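Structure first, then comments.
If you're wondering where the values come from, they're calculated on a predicted model, not measured in any experiment. Order of the sequence lines sets the chain letters (A, B, ...), proteins ahead of strands, with each chain counted from 1.
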Amino acid sequence: MPELPEVETVVRDLRPLLTGRRLVAVRRASDLALRRPWDVAWAERVAGRTVTGVRRRGKWIILDLDDHCALVAHLGMTGQLTVVPAARELAGHTHLVFDLAPGDEQLRFRDSRRFGSVTWHEGPEALEALFRDAGLGPEPFELAPAVWRASLAGTDRAIKAVLLDQTVVAGVGNIYADEALYRARLHPARRARDLGRAEAERLRKAVAGVLQEAIDKRGSTIRNYVGGNGAAGDYQEEFRVYGRTGEACPRCGRPVERVRLAGRSTHYCPRCQPAG
DNA sequence: ATAGGCGCCTGCTGGC
DNA sequence: TGCCAGCAGGCGCCTA
């Protein structure tokens with residue numbers, strides 16, 4: 001579910017709630033497996049450590065610890081990472097609970113579909129290895145025009161597929177790919193290598209612009225997503241095409257169309273985003 | 001070597 | 001009302 005703006009919102013929420021606090025104890029709250037396996041050994045290493053920072057890389061959430069190790073969370077489609085009062089009843093699908101000190105609160109990881117994960121990494125090298133193995137590409141706000149153009153030129157795929165490729169640019173998912181293509185007035189099925197220089201630059205800026213606006217609105221909540229403080233996002237109110245199949249394009253009034261592309265639902269305006 | 005498809009899970013919605 | 005297919009903010013593995 002969560003793409004870069006949602007993950008960024010979680011990170012901004014969690015930063016003041018976690019930084020300087022100790023993870024007194026960690027325990028599993030379910031026996032069900034997450035995408036990446038829980039390792040009992042790291043629970044012992046993490047217990048008693050203080051969180052020194054909270055940051056994001058692509059759609060990954062990083063909790064830096066005072067022993068230079070790190071916890072890394074991925075929210076998958078339905079993951080939630082929130083700080084709540086320890087007395088609050090455990091919500092369904094809660095998988096991990098971290099007791100915090102000082103204060104009577106807990107960091108909890110919920111995930112109904114369990115496509116998400118929480119893992120522990122021993123040192124900065126191990127963390128880098130995780131992102132290197134994933135082939136994680138540049139952050140969209142730091143994507144150099146020449147690098148972007150080279151990525152487009154080097155593939156036969158549709159531009160929509162390229163936007164979803166985390167090795168090309170990190171953090172874009174299905175919603176913001178569609179919204180960025182609409183803003184750039186580009187048909188999602190256009191071959192990436194066929195984009196002109198101006199079109200490529202328009203799209204690069206549209207991606208950054210849409211993501212920034214979504215961050216400003218605390219991301220998009222369609223179903224499950226909440227920030228680190230438990231509050232939903234507001235950017236779903238700003239969608240121009242995503243999830244608006246059959247509704248009027250806000251620019252020209254033509255009905256928004258939906259097709260299957262790169263294995264994902266893809267929404268676009270057939271007039272504003274011409275195929276040719 | 002690239003690109004597409006499928007599987008992983010659960011929950012919700014819409015059509016019959 | 002009930003059932004069931006289809007769909008969902010993602011990724012990783014397999015195959016052609």
Sticking with atom [atom1], work out how far [N] lies from [M], rounded to a whole angstrom.
{"N": "dG6(C)", "M": "dC6(B)", "atom1": "P", "value": "14 Å"}
{"N": "dC3(C)", "M": "dC9(B)", "atom1": "P", "value": "25 Å"}
{"N": "dA5(C)", "M": "dG7(B)", "atom1": "P", "value": "16 Å"}

Greater than 12 external heavy atoms within 6.0 Å of Asp31(A)'s CG:
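Atom CG in Asp31(A) is not crowded, with 12 or fewer foreign heavy atoms closer than 6.0 Å.
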DNA chain C: stems of at least 3 consecutive Watson-Crick or G-U pairs, cut-off 3.5 Å?
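Looking at DNA chain C, the stems formed by three or more consecutive pairs are B:2-8 with C:10-16, B:10-16 with C:2-8.
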Would you give me the side-chain donor-acceptor pairs under 3.5 Å for residues 146-153 of chain A, sequence neighbours excluded?
residue   : atom : partner   : partner atom : Å
Trp148(A) : NE1  : Ala200(A) : O            : 2.9
Ser151(A) : OG   : Val147(A) : O            : 3.2

Any base atoms under 4.0 Å from Asp111(A), or only sugar-phosphate, or nothing? Heavy atoms, all strands.
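Nothing, no heavy atom under 4.0 Å.
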Touch check for Gly263(A), heavy atoms < 4.0 angstrom, all strands: base, sugar-phosphate only, or nothing?
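Contact class for Gly263(A): none.
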Is any NZ, NE, NH1 or NH2 atom of the basic residue among Asp13(A) and Arg218(A) found under 4.0 Å from an Asp or Glu carboxylate oxygen of the other?
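Yes, charged N to carboxylate O under 4.0 Å.
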Each nucleotide N or O in nucleotides 7-9 of chain B that has a protein N or O under 3.5 Å away: list the pair and distance.
residue : atom : partner   : partner atom : Å
dC8(B)  : O2   : Arg35(A)  : NH2          : 3.3
dC9(B)  : O3'  : Arg114(A) : NH2          : 2.7
dC9(B)  : O2   : Arg113(A) : NE           : 2.7
dC9(B)  : N3   : Arg113(A) : NH2          : 3.2

Using only heavy-atom distances, determine whether the side chains of Ser117(A) and His74(A) contain a donor-acceptor pair under 3.5 Å.
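No, His74(A) and Ser117(A) have no side-chain donor paired with an acceptor closer than 3.5 Å.
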Taking Arg183(A) for its side chain and Val207(A) for its backbone only, find out whether a donor-acceptor pair lies under 3.5 Å.
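Here the side-chain-to-backbone pair does not exist.
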For Ala161(A) and for His93(A), find the nucleotide of DNA chain B with the closest heavy atom, then tell me which residue's nucleotide is more 5'.
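That would be Ala161(A).
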